[in-house]
Amino acid sequence: MSKLIIVPTPVGNLDDVSARAIDALARCDIILCEDTRVCSKLQNRLKIEKKMLLYRDDNEERQVPKIIGLIEEGNIVCLTSDAGTPGISDPGYRIVNACRRRKIPIESLPGPCALITALAASGLPSDGFLFLGFLPNKTSARTNMLKKYADFDYTLIFYESCHRILKFLKDLQSAMGATRVICVAREMTKMHEIFHVGEIGQIYDEIAAAAVKGEYVIVVAPQRFKFNP
Ligand code: SAM
């Protein structure tokens, strides 16, 4: 039966692709991907060769009617992104929403997601949390967001690139104070994976002293939480 299958892919270690994800990719007709090189690498690893269709931030809206047409013609379509769960700080929700409106069956496979991996490993309160993804580039907009959520009673989670991690931590410290407890998760599941846990002031120094290359998730504890190593 034709359908859309949401297929999470590894955030680093290719062994993290699930058996169900492999099965879905092997059985489908078309794979939606952000970058054909990244998708081909995964396909080579899994020894499959499927037709790929680009579905990315800059063509998402344009592609939706075409993809709906392909599914309604009888194709099984897998939605992937470069890494992790599609739709989480990645393109995805528009095609899922369009399928919902057309009553097209959707299968959502659980799998790798950087924010969940970081939160689980952080040791910070995980009973409730707010994921805010990438904050705006502009300093004033970013600082306003951080101030707005400084007193939020649950854990906050952000994504950040290596180019802006130190700037992000500086702004976070200005908005929430040097003693707020955070976890910075870098390069999870990869060779240089590292988790820095402690107060912002100290973590800033650790990250500034280390090579800042790589991908980062920042987990911020609520103010009430204290960390005593
Ligand atoms: N869809 C993905 C997910 O499910 O996590 C997120 C895609 S978003 C474009 C990429 C961001 O996720 C990176 O800039 C970084 O903040 C975070 N990220 C992805 N992989 C990571 C990893 N292995 N270690 C740390 N952060 C990672």
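Remember, it's 1-based here, ligands and their atoms both numbered in the order they're listed.
- When only non-hydrogen protein atoms are considered, atom 16 (O) of ligand 1 lies nearest to Y216 O, 2.6 Å.
- Side-chain contact check for Y55 and E60: at least one donor-acceptor pair (N or O, by modelled atom type) lies under 3.5 Å.
- Judged purely by atom type and a 3.5 angstrom limit, N75 uses its side chain to pair as donor or acceptor with the backbone of L70.
- For atom 26 (N) of ligand 1, the closest non-hydrogen atom on the protein side is V217 CG2, 3.4 Å.
- Looking at E160 against ligand 1, only its backbone comes within 4.0 Å, counting heavy atoms.
- An N or O contact shorter than 3.5 Å is missing between S161 and ligand 1 by distance.
- Taking 4.0 Å as the cut-off, T189 does not count as a neighbour of ligand 1 on heavy-atom distance.
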Check the pair Q43 / I31 against side chain to side chain contact (heavy atoms under 4.5 Å, CB included), numbers first and verdict last. CA-CA 10 Å; Q43 290 202 60; I31 303 177; 3.9 Å; yes
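- Counting heavy atoms from C-beta on, the side chains of T9 and V38 never come closer than 4.5 Å.
- Under a 4.0 Å heavy-atom criterion, F158 is not in contact with ligand 1.
- The shortest N/O to N/O separation between S89 and ligand 1 does not fall below 3.5 Å.
- Under the ring-ring contact (aromatic ring centres under 6.0 Å, His included) criterion, the residue pairs touching residues 163-215 are F158-F168, with sequence neighbours excluded.
- No side-chain heavy atom of N144 sits less than 4.5 Å from a side-chain heavy atom of K148.
- Between C99 and I68 there is a side-chain heavy-atom pair separated by less than 4.5 Å.
- Annotation: side chain of K50 is not in contact with side chain of L25 (no heavy-atom distance under 4.5 Å).
- Set against the non-hydrogen atoms of T85, the atoms of ligand 1 under 4.0 Å away are 1 (N), 3 (C), 4 (O).
- The protein atom (non-hydrogen) at minimum distance from atom 18 (N) of ligand 1 is A114 CB, 3.5 Å.
- Screening residues 206-227 for salt bridge (charged side-chain N to carboxylate O under 4.0 Å, His left out), with sequence neighbours left out, gives D153-R224, K190-E215.
- Ligand 1 places these atoms under 4.0 Å from at least one heavy atom of K190: 23 (N).
- By the criterion of a heavy-atom distance under 4.0 Å, the backbone of A83, and not its side chain, is placed next to ligand 1.
- At a threshold of 4.0 Å, the pair D82-R56 does not count as salt-bridged, since none of the basic side-chain nitrogens sits closer than that to a carboxylate oxygen.
- Only side-chain heavy atoms of F134 come within less than 4.0 Å of ligand 1; its backbone N, CA, C and O stay farther off.
- Contacts with ligand 1 closer than 4.0 Å are made by heavy atoms of both the backbone and the side chain of V11.
- Shortest contact from atom 3 (C) of ligand 1 to any protein heavy atom: Y159 OH, 3.5 Å.
- The N/O atoms of M188, backbone and side chain alike, include one that comes under 3.5 Å of an N/O atom in ligand 1.
- In terms of protein heavy-atom proximity, atom 13 (C) of ligand 1 is nearest to E215 OE2, 3.4 Å.
- The side-chain heavy atoms of C183 and I218, taken from C-beta on, include no pair separated by under 4.5 Å.
- Between I88 and ligand 1, an N or O atom pair is found at a separation short of 3.5 Å.
- Taking the side chain as every heavy atom from C-beta outward, F129 and L115 approach each other to under 4.5 Å.
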Verdict with supporting geometry, Y159 and F134, ring-ring contact (aromatic ring centres under 6.0 Å, His included): CA-CA 5 Å; Y159 282 167; F134 291 98; 5.8 Å; yes
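- Residue A185 touches ligand 1 through its backbone alone, judged by heavy-atom distances below 4.0 Å.
- Looking at ligand 1, you won't find any N or O of R186 less than 3.5 Å from one of its N or O atoms.
- Under a 4.0 Å criterion applied to the non-hydrogen atoms of E187, ligand 1 contributes the atoms 23 (N), 24 (N), 25 (C).
- By heavy-atom distance, the residue among I165, D90, V184 lying nearest atom 7 (C) of ligand 1 is D90.
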